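One structure below.
Please read all numbers here as calculations on a predicted model, not as lab measurements. Here, residue 1 is the first one in the sequence, and each next residue gets the next number.
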Amino acid sequence: MLNNFYSGKKVFLTGHTGFKGVWLSLWLSKLGAEVCGYSLSPYTEPSMFKALNVQNIINTSIEGDILEEEFLQKSMKEFQPDIVFHLAAQSLVRLSYREPLLTYKTNVIGTLNVLEAALKCNSVKSFVNVTTDKCYENKETNTGYSEDDAMGGYDMYSSSKGCVEIMSSSYRRSFLQNKNTYKMATARSGNVIGGGDWALDRLIPDCIRSITENKDIVIRNPNSIRPWQYVLEPLSGYLLLGKLLYETKDKYTQGFNFGPYENSVFTVKEVVTKLCDLYGKGNIIIKPDNSLHENNLLMLNINKAKNILGWEPALSFDKALKMTVDWYKHYYLSDINMCEYTIKQIEEYEGNIKWKKNSETE
């Protein structure tokens with residue numbers, strides 16, 4: 001479906017040093033895009049960005065804060081991108097309780113800064129604005145949220161992303177109606193898994209840390225249910241959306257959910273048990289912690305992405321988890337080139353893509 005679309009395209013990617021940003025950087029480079037990454041320095045140790053030497057793979061890597069308005073605008077204007085993928089964010093729920101002001105500044109004002117920088121850069125044709133499944137007012141029902149459901153959020157991270165969705169819709173209607181402006185859509189995805197994530201307070205990284213340090217795996221909320229998906233699933237949706245926005249008019253300038261099928265919805269305990277079986281070790285300890293509110297149930301309805309974009313998930317949960325565990329086992333237990341191995345996993349995923357043809361871009 002991408003039909004060599006990204007070959008030779010100039011792509012400005014915020015948040016390229018983060019988990020999803022690294023995977024997208026490598027995939028774009030593999031597709032032949034000229035990539036300029038703009039992000040803070042990696043905040044985890046280890047860091048996938050450093051471990052894979054991503055700064056030597058993409059064309060340009062800029063250390064910058066999306067709150068630095070003038071430097072951001074200067075960086076984008078100098079690069080003159082065709083497409084912008086905005087992934088930079090404060091993305092941790094528990095951190096948002098400790099740093100509410102940072103969370104809102106980064107996610108709301110930071111996003112507005114990137115939208116403004118793109119508007120002042122005449123080369124930009126399409127803009128994929130990445131938010132989260134947590135942008136919805138979560139009533140913890142057994143049905144997935146659709147794109148026209150109400151925005152909300154209990155915690156400061158979730159509510160900040162709900163604000164980003166509302167602000168983005170307003171920005172589009174206020175400033176992006178002219179035929180000469182870029183086309184912008186928001187992309188909502190949730191709990192992604194995959195090799196190279198070492199963020200704190202995320203289930204898979206916490207499990208891997210405990211296993212490699214020979215510590216018990218402590219689970220706070222064993223019965224919480226999440227729609228787990230492989231990291232390349234939503235990224236494939238972002239890539240497809242970026243292409244469709246570039247090639248067509250206003251049909252795709254809206255919000256889209258990129259989530260898994262219902263058979264990829266499992267409890268935290270089920271996921272950790274499967275992970276330990278695949279890794280071959282790990283001892284689970286349950287210590288409930290209700291000091292901070294966290295959603296117990298959250299699912300997405302992906303019919304809109306299927307029907308309008310032709311996108312759908314490619315991997316089963318078991319396959320996604322196996323690829324994730326395999327990545328970490330290779331990282332910790334072998335001496336292979338992890339960048340080459342990561343690209344090999346991208347190629348394996350590409351072989352499983354099941355997109356339908358879109359009549360407007362065939």
Side-chain angles (χ1 to χ4, degrees), residues 19-20 22-24 26-27 48 133 142-144 188-199 202-212 217-238 257-286 295-303 305-306 311-334 336 338 341-356:
F19 168 53
K20 287 166 70 175
V22 168
W23 279 95
L24 187 54
L26 293 177
W27 201 351
M48 188 181 185
D133 59 352
N142 289 318
T143 57
R188 306 160 188 174
S189 63
N191 290 62
V192 296
I193 63 174
D197 189 3
W198 281 287
R202 283 189 186 150
L203 183 64
I204 301 301
D206 287 348
C207 291
I208 296 299
R209 268 189 292 271
S210 296
I211 290 174
T212 57
I217 299 172
V218 179
I219 302 177
R220 296 190 303 269
N221 301 300
N223 298 318
S224 292
I225 297 172
R226 296 287 186 273
W228 310 94
Q229 63 182 152
Y230 190 56
V231 60
L232 296 181
E233 299 276 38
L235 296 189
S236 70
Y238 305 167
N257 290 339
F258 296 104
Y261 287 120
E262 290 184 3
N263 59 9
S264 291
V265 177
F266 294 91
T267 67
V268 167
K269 185 178 180 181
E270 288 172 329
V271 172
V272 177
T273 300
K274 287 174 177 284
L275 183 148
C276 292
D277 289 342
L278 286 170
Y279 210 101
K281 61 187 298 189
N283 185 50
I284 302 171
I285 300 292
I286 297 175
N295 295 323
N296 290 312
L297 175 63
L298 180 61
M299 295 187 294
L300 290 177
N301 182 314
I302 59 173
N303 288 336
K306 289 174 62 179
W311 176 91
E312 62 180 306
L315 301 182
S316 67
F317 173 74
D318 287 342
K319 178 64 174 177
L321 188 60
K322 184 179 186 305
M323 290 179 70
T324 299
V325 172
D326 285 348
W327 194 99
Y328 286 110
K329 290 179 76 172
H330 279 85
Y331 178 83
Y332 284 108
L333 303 176
S334 71
I336 68 171
M338 286 308 298
Y341 183 75
T342 303
I343 293 173
K344 181 179 177 181
Q345 286 202 328
I346 293 174
E347 293 171 346
E348 182 178 355
Y349 176 80
E350 287 176 326
N352 285 276
I353 287 177
K354 298 177 290 187
W355 295 338
K356 299 176 183 177

Please step through side chain to side chain contact (heavy atoms under 4.5 Å, CB included) for the pair Ser210 and Val218, ending with a clear verdict. CA-CA 8 Å; Ser210 296; Val218 179; over 6 Å; no
Apply side-chain hydrogen bond (donor to acceptor under 3.5 Å, both in side chains) to Thr324 and list each qualifying residue two or more places apart in sequence or on a separate chain. none
For Tyr279, what residues pass the ring-ring contact (aromatic ring centres under 6.0 Å, His included) criterion, not counting sequence neighbours? none
Quick check: closest heavy atoms across Leu315 and Glu233, and the distance to 0.1 Å? N-OE2, 2.9 Å
side-chain contact (heavy atoms from CB on, under 4.5 Å) filter on Ser264, not counting sequence neighbours, yields Pro260, Phe317
Does Asp133 have any salt bridge (Lys or Arg N to Asp or Glu O under 4.0 Å) partners at least two apart in sequence or in another chain, and if so, which? none
If a pair satisfies salt bridge (Lys or Arg N to Asp or Glu O under 4.0 Å) and one of its residues is in residues 341-350, list it, with sequence neighbours excluded. Lys30-Glu350, Lys319-Glu348
Salt bridge or not between Asp277 and Lys274? Use side-chain N to carboxylate O under 4.0 Å. no
Shortest non-hydrogen pair, Trp311 vs Asn257, comes out as CZ3-O, 4.5 Å
Distance-only, no hydrogens or angles: does the Gln345 side chain make a donor-acceptor pair with backbone N or O of Met323 under 3.5 Å? yes
Sequence neighbours excluded, the answer for side-chain contact (heavy atoms from CB on, under 4.5 Å) partners of Asn301 is Ser146, Asn303
Please identify each residue that fulfils salt bridge (Lys or Arg N to Asp or Glu O under 4.0 Å) with Lys306, with sequence neighbours left out. none
With sequence neighbours excluded, tell me which residues meet side-chain contact (heavy atoms from CB on, under 4.5 Å) with Cys207. Leu203, Ile217, Val272, Leu275
Evaluate the side chain to side chain contact (heavy atoms under 4.5 Å, CB included) criterion for residues Ile336 and Tyr331: first the C-alpha distance (whole Å), next the side-chain angles of each, then the deciding distance (0.1 Å), finally the verdict. CA-CA 8 Å; Ile336 68 171; Tyr331 178 83; over 6 Å; no
Which heavy atom of Ile193 sits nearest to which heavy atom of Phe19, and what is that distance? C-CZ, 4.1 Å
side-chain hydrogen bond (donor to acceptor under 3.5 Å, both in side chains) filter on Trp228, not counting sequence neighbours, yields none
What pairs with Tyr230 under ring-ring contact (aromatic ring centres under 6.0 Å, His included), at least two apart in sequence or on another chain? none
Ile302 vs Tyr261, side chain to side chain contact (heavy atoms under 4.5 Å, CB included): CA-CA, chis, key distance, verdict: CA-CA 8 Å; Ile302 59 173; Tyr261 287 120; 4.2 Å; yes
For Trp355 and Ser236, run side chain to side chain contact (heavy atoms under 4.5 Å, CB included): C-alpha distance rounded to whole Å, both residues' side-chain angles, the deciding distance at 0.1 Å, then the answer. CA-CA 10 Å; Trp355 295 338; Ser236 70; 3.3 Å; yes
Tell me, do Trp23 and Trp27 make a side-chain contact under 4.5 Å, heavy atoms counted? no
Note: Ile219 and Lys269 closest approach over all heavy atoms is CD1-CA, 4.3 Å
Sequence neighbours left out, what pairs pass salt bridge (Lys or Arg N to Asp or Glu O under 4.0 Å) with at least one residue falling in residues 190-199? Asp197-Arg202
Sequence neighbours left out, what passes salt bridge (Lys or Arg N to Asp or Glu O under 4.0 Å) with Asp326? Give chain and number order. Lys322
Going by atom types alone, do Tyr238 and Ser189 pair a side-chain donor with an acceptor below 3.5 Å? yes
